[in-house]
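Letters go in sequence order (proteins before strands), and every chain restarts at 1.
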Protein chains: 2
Amino acid sequence: MPYSYIRDPAEIYRQSFETICNEADFSKFAEGSHDIVVRLIHACGMVDIVDNLEISDGAVEAGCEALKRNRPIVCDVDMVRQGIIRRLLPPDLPVLCGVSDEETAILARQNETTRSAAAFERLSGDWAGGIAVIGNAPTALFHLLDLIEDGAEPPALIVGIPVGFVGAVESKDALVQNSHNVPYITVRGRRGGSAMAAAAVNAIAGGLGA
Amino acid sequence: MPYSYIRDPAEIYRQSFETICNEADFSKFAEGSHDIVVRLIHACGMVDIVDNLEISDGAVEAGCEALKRNRPIVCDVDMVRQGIIRRLLPPDLPVLCGVSDEETAILARQNETTRSAAAFERLSGDWAGGIAVIGNAPTALFHLLDLIEDGAEPPALIVGIPVGFVGAVESKDALVQNSHNVPYITVRGRRGGSAMAAAAVNAIAGGLGA
């Protein structure tokens, strides 16, 4: 006998979002950022992520404006790019990731750094007025902040949600302490990842629509 | 002044794995599956994931054998496929995902189910002796179990780590309760995701090597 389970995608989304809205504490977030909170929780299955989630003033508006102006989204890894729902974006908006390019590997060896950080350096001319999204590599977030400090034109929004045990906590602390006046979305602590980073972009692009 | 942080990828991996080994409780896992435990924790930043992680007897051996025999890896979503480190696999081993195909969308509408479940149905002839990997959709895991029950030749290993609020808990419980004698790796509860699912495959393919 086949298992009994909900198969309708719209109903799965509806019940998921309903459960999240019932369980999560939205009190510290502005109403305009609730969709981001819901989608981030949805991506990771953890309502207590709100304790670590920080959405700076103006982040939603800056992200919406960047998309409206068709400015690029620059991702640290291919999984983030893959997680961004293309059909929610303006059709010709560039979603860029340089981590797998051969030129990036060469630059990473030259600079003695990670490919993610090197890829961000190569794409630092592209994110101006757009959205920089980090879902994996703390080194990319640190390097983004250093590049802005050194005069690179900043993105309109930083989605900085790297994950892990070396540099993730520290790079997100650095973002919150001094984002160079760039609005940001982050999840402090070790938790994070490509799915959450992509979810933040999807929420800005499409709210809770699939 | 630039931020001071570790930039050497090998050293980042080394320190990450060292932290995980110091903090996580490996006592319930066979020694042969420790690499999977480490990589799963590494993917999500949470050492307490071990409380929910279940690696059935023979899972590692079945996965290794499937790769050695060049059998396909079938993924429920593109993010899982993207997260699998291609260079750790035999060069011509197929890594398949049908979720974005037009034929899948048609079948999903016909069957009134999700595209992930429909994609698994379309690829049910491919996973025989290979690895079925679910990092997102509970419906794909439920449908995989139903298809095996209905006579589809089973995969050698099921990596069943869907995430979320509707069906994730239940589909993983169903897998543990009756996997039709197929070895499995799962993380019970709501937590899961593409990064963890891909990490399990990467551990089987390459241990802790990058």
Side-chain angles (χ1 to χ4, degrees), chain A residues 1-9 11-20 23 41-47 77-83 108 111-115 117 135-139 142-143 145-146 149-150 163-168 170-171 174 189-196 198, chain B residues 1-9 11-20 23 41-47 77-83 108 111-115 117 135-139 142-143 145-146 149-150 163-168 170-171 174 189-196 198:
Chain A
M1 198 150 90
Y3 284 105
S4 166
Y5 57 92
I6 304 173
R7 292 154 202 254
D8 173 27
E11 180 60 15
I12 293 169
Y13 267 99
R14 195 195 63 73
Q15 286 199 21
S16 296
F17 293 157
E18 184 179 78
T19 303
I20 292 165
E23 292 189 22
I41 294 171
H42 182 246
C44 67
M46 299 178 283
V47 294
V77 292
D78 290 311
M79 275 185 89
V80 170
R81 181 163 56 172
Q82 194 77 62
N111 291 2
E112 297 184 323
T113 189
T114 65
R115 289 185 299 130
N136 184 288
T139 54
F142 273 129
H143 200 45
L145 295 172
D146 278 339
E149 168 76 28
D150 288 350
V163 60
F165 296 87
V166 174
E170 296 82 356
S171 64
R190 289 172 169 178
R191 294 188 290 183
S194 302
M196 282 191 250
Chain B
M1 204 159 75
Y3 284 106
S4 166
Y5 58 93
I6 304 172
R7 293 153 202 256
D8 174 28
E11 180 61 15
I12 293 169
Y13 267 99
R14 195 196 64 73
Q15 286 199 21
S16 296
F17 292 158
E18 185 178 77
T19 302
I20 292 165
E23 291 187 22
I41 294 171
H42 182 245
C44 67
M46 299 178 282
V47 294
V77 292
D78 290 311
M79 275 185 89
V80 170
R81 181 162 57 172
Q82 194 78 61
N111 291 1
E112 297 184 322
T113 189
T114 65
R115 288 185 300 131
N136 184 289
T139 54
F142 272 128
H143 200 46
L145 296 172
D146 279 338
E149 169 77 27
D150 288 350
V163 60
F165 295 86
V166 174
E170 297 81 357
S171 64
R190 289 173 170 177
R191 292 188 291 183
S194 302
M196 282 190 249

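Of the listed residues (B/Ala117, B/Ser171, B/Cys44, B/Gly189), the greatest number of heavy-atom pairs within a distance under 4.5 Å of chain A belongs to B/Cys44. When A/Ala174, A/Gly164, A/Ala195, A/Gly167 are compared by the number of non-hydrogen pairs under 4.5 Å with chain B, A/Ala174 comes out ahead. By number of non-hydrogen pairs under 4.5 angstrom with chain B, the leading residue of A/Val77, A/Asn111, A/Asp150, A/Thr114 is A/Thr114.
Ring centers of B/Phe165 and A/His42: at least 6.0 Å apart, outside the cut-off.
No part of A/Glu170 comes within reach of chain B, as not one of its non-hydrogen atoms sits under 4.5 angstrom from that chain. Of the two parts of B/Ile41, the backbone and the side chain both hold a non-hydrogen atom closer than 4.5 Å to a non-hydrogen atom of chain A. Only the side chain of A/Glu23 comes within contact range of chain B, with heavy atoms under 4.5 Å apart. For chain B, no part of A/Ala198 is nearby; none of its heavy atoms comes within less than 4.5 Å. If you measure heavy-atom distances from A/Thr19 to chain B, the contacts under 4.5 Å come from the side chain alone.
Here the closest non-hydrogen pair linking B/Ile6 and B/Glu11 is CG2-CG, 3.8 Å. Considering all non-hydrogen atoms of both residues, B/Pro138 and B/Asn136 come closest at CD-O, 3.2 Å. Taking each heavy atom of B/Arg191 and B/Met196 in turn, the nearest pair found is C-CE, 4.4 Å. When all heavy atoms are compared, the tightest approach of B/Ala43 to A/Val163 is O-CG2, 3.8 Å.
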**Asked** Could you go step by step and tell me if B/Met79 and A/Ser194 meet the side-chain contact (heavy atoms from CB on, under 4.5 Å) rule?
**Response** CA-CA 9 Å; B/Met79 275 185 89; A/Ser194 302; 3.8 Å; yes
